[in-house]
Amino acid sequence: MTETQSRSQRQLHLGLFLFSTGYHPAGWRLPEAVTDGAFDPAFLKSVAQRLEQAKFDFFFLGDALATSADMQHQFPSQMVRLEPFTMIAYLAAVTSKIGLIVTANTTYAEPYHIARLTASLDHLSRGRTAWNVVTGADARAAQNFSRDKHWDNAKRYDYADEFVQVVKDLWDSWEDEAFVRDKASGAFVDGTKVHPLHHRGEQFSVAGPLNVARPPQGQLPLLSAGTSERSQELGARFSSAIFTGQILINEARAFYAGVKGKLAQHGRRPEELFILPGLVPLVGRTDEEARAKYRELSGLLVTDFDLAPLSGRIGIDLAGYDLDGPLPDLPQSSHPPEGVRALVRLAQDAAGHDDITVRELYHFFAATARGHLLIVGGPETIADRIQEWFETGAADGFNICPPYMPGGLDLFMDLVVPVLQARGLFRTEYEGATFREHFGLAKPDNKFARERTLQESRS
Ligand SMILES: Cc1cc2nc3c(=O)[nH]c(=O)nc-3n(C[C@H](O)[C@H](O)[C@H](O)COP(=O)(O)O)c2cc1C
């Protein structure tokens, strides 16, 4: 395949969704796994630099504003981690191409703060920063921010909608050409190109302008990840990419079509928004090697085998069943049987045989409790599935969640990425150096400069 052909072909977008001890709850217990990477700058630097060598689009770390020690057996990576702005500022200094996504919660922040922080990071990274807008998945945050309770979905998104618009306006408050810096005349700025906001809305009153120059990307790309209707609306209005968690391709296709279908009412085209489901690739040199690693991980789960959540998911009470016995007949009514059958099929594929036990189904369920697609297999098996999702309207790329670190990521980069590249599905070189350029998104004009150009063309 020639360079021109590969460039004109639609390309996958791949990013790392960092779980420092791995996505699999027992990932950190493997003998080869790193257990303290979350707080180790050398580890974070080596991961980011390796991603850049593999030509990944971005490095992403999620964030929450509360924690407790009882998260350790299910969500060890989310229990404690670095504050995102601090970490991304460090990674910006030790990388030069990879996109960097910072997560910031609108429910417990002020737009002026977030506009300053994000604009500053975009300067420090030379246009490689994007903002993952979240309204807070952990309700306990309220108790850390002097609030009685976490707001409900409607209030959080009312706040977020106005919040994001204010941040975007603050980013535009200095035009790109505002800085004259003319030593001869002594004019440092052209005041006609600096624009206070005088914003007075339902939630915020912000005078502006921002005390940071317009970010190199003009407007930082936004990402969002909620599943609610309001979150999808926010994504359709503002986001360049949406993270999702789906394990069934039909549901992923419906989500993809649904969100892209909302774009027209905001004057946007489907190509302006990228849908990126999470993917947990458990890679081996062969399918059997990958399954052996999956069995090893399953055996390391710390669990009391509480079958109630799994029973709820499949619509049949597993309480009386022998853990090492066969699965009961699947229900025909309560839950969509197609979804249940597909879940069991995925568990069978992961185990490598059809006659799985209740324990084996539980292992798969526990490994995917956070809702992302787990594929166990050799490089071709995993590349085939990625290609299927990419080419049949389920995904524009993936948020890669390695099951353990760093080996689970290394195997993906060393074995699967070359297969995707050989198939012409993924870049072999960066074509740009900013987050927007990795996604083929143009830098938006400053809104005041655009209005002036329009006025001039009319007069
Ligand atoms: C892949 C993915 C990543 C997410 N990362 C975060 C995160 O870092 N912090 C957070 O508070 N919520 C995160 N969420 C949750 C959503 O952003 C959202 O806040 C949550 O789902 C509640 O909103 P909803 O009611 O709109 O779904 C993530 C969701 C997904 C699917």
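All values below were derived from every heavy atom in this structure, side-chain atoms included, with hydrogens, water molecules and symmetry-related copies excluded. Note that ligands are numbered from 1 as they come in the structure, with each ligand's atoms numbered from 1 the same way.
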among protein heavy atoms, the one nearest atom 18 (C) of ligand 1 is Gly226 CA, 3.9 Å
re atom 6 (C) of ligand 1, the protein heavy-atom contact at minimum distance is Val134 CG1, 3.9 Å
When distances are taken from atom 26 (O) of ligand 1, the protein heavy atom at minimum range is Ser228 OG, 2.5 Å
A student checking ligand 1 against Gly136 at a 4.0 Å heavy-atom cut-off should list atoms 11 (O), 19 (O)
For Thr103, the atoms of ligand 1 under 4.0 Å from one of its heavy atoms are 8 (O)
With a 4.0 Å cut-off on N to O distance, would you call Arg116 and Glu110 a salt bridge? no
If we number the atoms of ligand 1 from 1 as shown, the ones under 4.0 Å from a heavy atom of Asn153 are 24 (P), 25 (O), 26 (O)
Below 30° counts as parallel, above 60° as perpendicular, anything between as tilted: where do the rings of Tyr108 and Phe145 land?
tilted
Subject >> Within 45° cone of Phe390 ring axis and under 6.0 Å: Arg10 NZ or CZ >> reply: yes
Phe60 and Phe58 aromatic ring geometry - parallel, tilted or perpendicular at 30°/60° bounds: perpendicular
In this structure, atom 12 (N) of ligand 1 is nearest to the protein heavy atom Ala137 CB, 3.6 Å
In this structure, atom 28 (C) of ligand 1 is nearest to the protein heavy atom Ala225 CB, 3.6 Å
- prompt: Is Val133 close to ligand 1, meaning an N/O of one under 3.5 Å from an N/O of the other?
  reply: no
Q | Electrostatic pair Arg423-Asp384, nearest N-O below 4.0 angstrom | A | yes
Quick one: do Arg230 and Glu233 make a salt bridge, cutoff under 4.0 Å?
-> no
Counting heavy atoms under 4.0 Å, the part of Asp63 that contacts ligand 1 is backbone
query = Just wondering, do Ile356 and Leu327 contact through their side chains at under 4.5 Å, heavy atoms?
reply = yes
TODO: With side-chain contact (heavy atoms from CB on, under 4.5 Å) as the test, would you mind laying out the steps for Val376 and Arg291 before giving the verdict?
DONE: CA-CA 6 Å; Val376 180; Arg291 285 184 195 127; 4.0 Å; yes
Atom 27 (O) of ligand 1 has as its nearest protein heavy atom Thr227 N, 2.9 Å
Check: If only atom types and distance count, is the side chain of Thr103 paired as donor or acceptor with the main-chain N or O of Leu61 below 3.5 Å?
Finding: yes
Nearest non-hydrogen protein atom to atom 3 (C) of ligand 1, with distance, is Phe17 CZ, 3.8 Å
Near Tyr157 (heavy-atom distance under 4.0 Å), the atoms of ligand 1 are 23 (O), 24 (P), 26 (O)
field: Within-cut-off N or O pair, Asn399 and ligand 1, under 3.5 Å
entry: no
Quick one: sort the Phe274 and His13 rings into parallel, tilted or perpendicular, breaks at 30° and 60°. perpendicular
Inset, instruction - Using distance alone, decide if ligand 1 has a nitrogen or oxygen within less than 3.5 Å of any nitrogen or oxygen in Asp138. - result: no
One finds that the ligand 1 atoms under 4.0 Å from a non-hydrogen atom of Gly62 are 8 (O)
shortest atom 22 (C) of ligand 1-to-protein heavy-atom contact is with Arg156 NH1, 4.0 Å
### Message
Students often mix this up, so state it plainly: with edges at 30° and 60°, are the rings of Trp151 and Tyr159 parallel, tilted or perpendicular?
### Response
perpendicular
Short version for His372: what comes under 4.0 Å of ligand 1, heavy atoms counted, is side chain
